[in-house]
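The figures here come from the full heavy-atom set of this structure, side chains too, leaving out hydrogens, waters and symmetry mates.
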Amino acid sequence: MAFATINGITVHYELLGEPDAKNLVVFSNSLGTDFRIWLPLFDEISEDISVLLYDSRGHGLTGGADKPFGMGDLVDDLIALVEHVGIKRAVFCGLSVGGLVCQGVWQKRPDLVKRLVLCDTAAKIGSADVWNARIDAIAKDGLESIGDNVMERWFTPDFHRERADDLVGYRLMMTRQPADGYSATCAAIRDTDFTDALPTISVPVLCLVGDQDGSTPPELVEAMAGAIPNARFEIIESCGHIPCVEQPEELAELLQSFLKKA
């Protein structure tokens, strides 16, 4: 495990490979998870791909849950971490809120971005009413109270039926996150809209979504891809909101194909 003080908080991260590698992917994870969600992917990708993983502010082993924060803080954290480990330019792959963070990195520091992989995300996710209701439910009854509903959005009925032990484990991951960090991230998502920035993206972009994603459905992700010049759009079959867990082989194939394209 590696830790660094970034923007006044302790950040948990892992750099696998060299910071100047030709193929280096920075992964930014989703709400209610830590960087372990990406681990199934690494059995499928080529050994010549280096990766940077990290737990976002208020999640996992990263600090910052004790104070309010917004999308600007999440973006600044990732930029500062990338600079801390010595990365000059990389492919940024973000899942859900991680996709928003990666869009924010493009908007603030496009010099760092070689390509973007926007996975099960959008320029604007959900409505203020939806996020406020979730924040209120957590404040009243804790993360446990929303666990089942979140799992229905994360994973397909087949996953629920065939991978019951894994489902319990990922539910525990979600419900054991710091409640304040989770709620602050909900507020950050609620207050973020990068729609106007989409046409400015000039690097190659791959937009991915699970065909049964209950959080960012395919039509939402496809609309985002349509607003980005020359973006590629792909649907992953038999998959919910977390393809790196449910369909890592398919995600790895699409990612590696995208990295190889000129």
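Around the CG atom of D111, the shell of radius 6.0 Å holds more than 12 heavy atoms that belong to other residues, nucleotides or ligands. Within a 6.0 Å radius of CZ in R36, other residues, nucleotides and ligands contribute 12 heavy atoms or fewer. Within a 6.0 Å radius of CD in E249, other residues, nucleotides and ligands contribute more than 12 heavy atoms. For E219, the CD atom counts as densely surrounded, since its 6.0 Å shell holds more than 12 non-hydrogen atoms of other residues, nucleotides or ligands.
Looking at R109 and E83, a side-chain N of the basic residue comes within less than 4.0 Å of a carboxylate O on the acidic one, giving a salt bridge. Ion pairing between a basic and an acidic side chain is recognised when a charged N comes within 4.0 Å of a carboxylate O; D76 and K108 show such pairing. At a threshold of 4.0 Å, the pair D148-R171 counts as salt-bridged, since one of the basic side-chain nitrogens sits closer than that to a carboxylate oxygen.
The shortest side-chain heavy-atom distance between S238 and T156 does not fall under the 4.5 Å cut-off. Looking at heavy atoms from C-beta onward, C244 lies in side-chain contact with I242 at the 4.5 angstrom threshold. Between L112 and I87, the closest side-chain pair of non-hydrogen atoms is not below 4.5 Å. The side-chain heavy atoms of Q212 and P157, taken from C-beta on, include a pair separated by under 4.5 Å. Using a 4.5 Å cut-off on side-chain heavy atoms (C-beta onward), V26 and L78 make contact. Between M174 and Y182 the shortest side-chain heavy-atom distance falls below 4.5 Å. Taking 4.5 Å as the limit, some side-chain heavy atom of L95 sits within range of a side-chain heavy atom of W38. In this structure, the side chains of I236 and D213 stay at 4.5 Å or more apart for every pair of heavy atoms.
Each of I9, T10, I6 was scored for a side chain to side chain contact (heavy atoms under 4.5 Å, CB included) with T62, with one residue passing: I9. Residue F27 is tested with V117, L52, L41, V91 for a side chain to side chain contact (heavy atoms under 4.5 Å, CB included); the sole match is L41.
Considering all non-hydrogen atoms of both residues, H160 and M151 come closest at NE2-O, 3.0 Å. Between A4 and Y13 the shortest heavy-atom distance is CB-CE2, 3.9 Å. Shown here for G32 and H59, the closest heavy-atom pair between the two residues is N-NE2, 3.0 Å. Smallest separation of non-hydrogen atoms from A231 and C207: CB-SG, 4.4 Å.
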Quiz item: Does the pair T195 and D193 meet the rule for a side chain to side chain donor-acceptor pair (under 3.5 Å), with working shown?
Solution: CA-CA 6 Å; T195 301; D193 187 349; 2.5 Å; yes

Exercise. Dump the intermediate steps for side-chain contact (heavy atoms from CB on, under 4.5 Å) on F159 and D166, then the final yes or no.
Key: CA-CA 9 Å; F159 188 96; D166 291 344; 3.9 Å; yes

Exercise. Please report the C-alpha distance between H12 and F35 in whole Å, then the side-chain angles of each, then the deciding distance to 0.1 Å, and finally whether the ring pair (Phe, Tyr, Trp, His ring centres under 6.0 Å) criterion is met.
Key: CA-CA 9 Å; H12 176 223; F35 75 51; 4.8 Å; yes

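Figure legend: R115 and F92 shown without cation-pi pairing, the cationic atom not lying both under 6.0 angstrom from the six-membered ring centre and within 45 degrees of its axis.
Linking ILVMFWY residues whenever their side-chain heavy atoms come closer than 4.5 Å, directly or via other members, leaves M173 and V168 in distinct clusters.
Counting only residues at least two apart or on different chains, the side chain to side chain donor-acceptor pair (under 3.5 Å) pairs with a member in residues 92-104 are S96-H241.
For the residue pair Y54 / S28, a side-chain donor-acceptor distance below 3.5 Å is found, with atom types taken as modelled.
For W106, the ring-ring contact (aromatic ring centres under 6.0 Å, His included) criterion is met by no residue, not counting sequence neighbours.
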